[in-house]
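One structure below.
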Amino acid sequence: MVFLTRHEFFNAAHRLSNPHWTDAQNEAVFGKCANANWHGHNYELIVTVKGSVNTETGFLMDVKVLSQILQQEVCEPLDHKNLNLDVPFLNGILPSTENLCIAIWNRIEPHLPKGVQLHRVKLYETPRIYVEYFGPLLNN
Amino acid sequence: MHQTALYRTEHFNAAHRLLCHDWNEEKNRTVFGKCFSPNYHGHNYKLTVGLKGIPDAQTGYLADTKWLSALIQRQVIDYMDHRNLNLDIEEFKILNPTVENIACVIYNRLRPFIENTIDLKIELYETERNRAEYPATW
């Protein structure tokens, strides 16, 4: 088994607030991240897939195809957008880095070629904060 | 003692959109593209503040970096971090919050607090590949 990784970037606005809570509760839990007028980040996305090497191509998968999936499914819908307002697949989801990671996994996974498995979605919100998601089947 | 430059780096995260208030929507979209997106987008800004001058003969300091850090925190980070530059920051009610203009606004917010004998320079990264410097030369 080999692992193949691709980096992509997108820049977006968001805010953290739970619509079922009062402003005071949101402020207490999310602090300045709850700012009503949004703030934003340069997100760095690192996606790793795994599988066997095709003996004819020498590829796990064509990285151009992986790049196209990431562009089409993640970067185009998210880049230069407001994650709370502009992205249909995030409707009703609080756009924390954790939830974004899971939503990105769900966007990418159905588009991978047969025999290629998604291994990890790693998402940096800032250079010092990142989240990793290894999929719903990972135990412990 | 010789002329020396001293730098301090800080970070802030903010939302913005680019637009010229004198233009209609179509022209703004043509010029600013996805940066004109109506619901804003955002960046992790990396700010480096440079001071240039002659270090003090006794302390060896051009400036105390703790003092410089506190000054940047008060004048820039507390003011801009986790804010919407267009909506929350007085200077950008009219002025377009490009990386060039943000660098210039930061310069103006720091300059009054730095001695006249010391030069000030602002370097601001909007993304890893886009940065502005103000003034353009020391």
Side-chain angles (χ1 to χ4, degrees), chain A residues 7-17 19 23 26-46 71-72 74-91 93-97 100 122-131, chain B residues 9-19 25 28-48 69 73-74 76-93 96-99 101-102 123-132:
Chain A
H7 286 228
E8 297 290 346
F9 301 88
F10 59 93
N11 310 318
H14 79 159
R15 72 180 290 220
L16 300 184
S17 81
D23 287 351
N26 277 307
E27 173 79 28
V29 174
F30 297 117
K32 59 189 181 179
C33 298
N35 179 19
N37 287 333
W38 327 105
H39 64 280
H41 299 287
N42 300 335
Y43 289 93
E44 182 181 357
L45 173 66
I46 300 167
Q71 280 302 323
Q72 182 186 309
V74 183
C75 295
E76 276 175 30
L78 301 185
D79 188 38
H80 284 68
K81 296 289 166 64
N82 183 311
L83 302 179
N84 300 74
L85 301 179
D86 297 332
V87 186
F89 74 82
L90 294 177
N91 267 347
I93 293 174
L94 203 158
S96 63
T97 314
L100 274 175
K122 181 173 179 178
L123 183 65
Y124 281 87
E125 183 177 80
T126 75
R128 290 183 277 191
I129 298 171
Y130 69 83
V131 168
Chain B
T9 297
E10 302 284 351
H11 300 88
F12 62 95
N13 312 317
H16 79 160
R17 69 186 292 221
L18 299 185
L19 78 162
E25 196 167 325
N28 271 306
R29 193 174 299 112
T30 305
V31 173
F32 296 115
K34 60 187 180 179
C35 299
F36 176 62
S37 183
N39 289 327
Y40 308 95
H41 62 280
H43 298 287
N44 301 331
Y45 289 93
K46 178 179 154 191
L47 166 67
T48 296
S69 168
Q73 186 69 39
R74 191 187 77 218
V76 182
I77 310 300
D78 290 349
Y79 188 58
M80 294 187 178
D81 186 38
H82 283 68
R83 300 291 160 81
N84 183 309
L85 300 176
N86 303 75
L87 301 179
D88 298 332
I89 304 298
E90 198 53 44
E91 287 90 336
F92 298 118
K93 293 272 150 73
N96 196 12
T98 59
V99 66
N101 282 339
I102 303 167
E123 182 186 75
L124 185 66
Y125 279 84
E126 185 173 75
T127 70
E128 274 179 40
R129 291 186 272 194
N130 295 334
R131 90 169 192 268

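Computed from heavy atoms alone, side chains included, the values below leave out hydrogens, waters and symmetry copies. Chain naming here is simple, since letters A, B, ... match the order of the sequence lines and numbering starts at 1 in each. Predicted model only: the values in this text are computed from it and were never measured.
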* To do: Work out which heavy atom in B:Leu85 is nearest to a heavy atom in B:Phe92; give both atom names and the distance.
  => O-CB, 3.2 Å
* To do: Hey, can you tell me if A:Tyr124 and A:Tyr130 have their rings parallel, tilted or perpendicular (30° and 60° cut-offs)?
  => tilted
* **Proximity breakdown for A:Arg128 and chain B, heavy-atom pairs closer than 4.5 Å** => side chain
* Pick from B:Asn84, B:Asn44, B:Asn39: which one has the most heavy-atom pairs with chain A under 4.5 Å? -> B:Asn44
* Describe, in one word, how the ring planes of B:His16 and B:Tyr45 are oriented to each other, choosing from parallel (under 30°), tilted (30 to 60°) and perpendicular (over 60°). => perpendicular
* **Which atom of B:Lys34 lies closest to which atom of B:His41, heavy atoms considered** => O-ND1, 4.3 Å
* At a heavy-atom separation under 4.5 Å, does B:His11 approach chain A through its side chain, its backbone, both, or neither? -> side chain
* Asked: A:Asn82, A:Leu78, A:Asn37, A:Leu83: which one forms the most heavy-atom pairs within less than 4.5 Å of chain B?
  -> A:Asn37
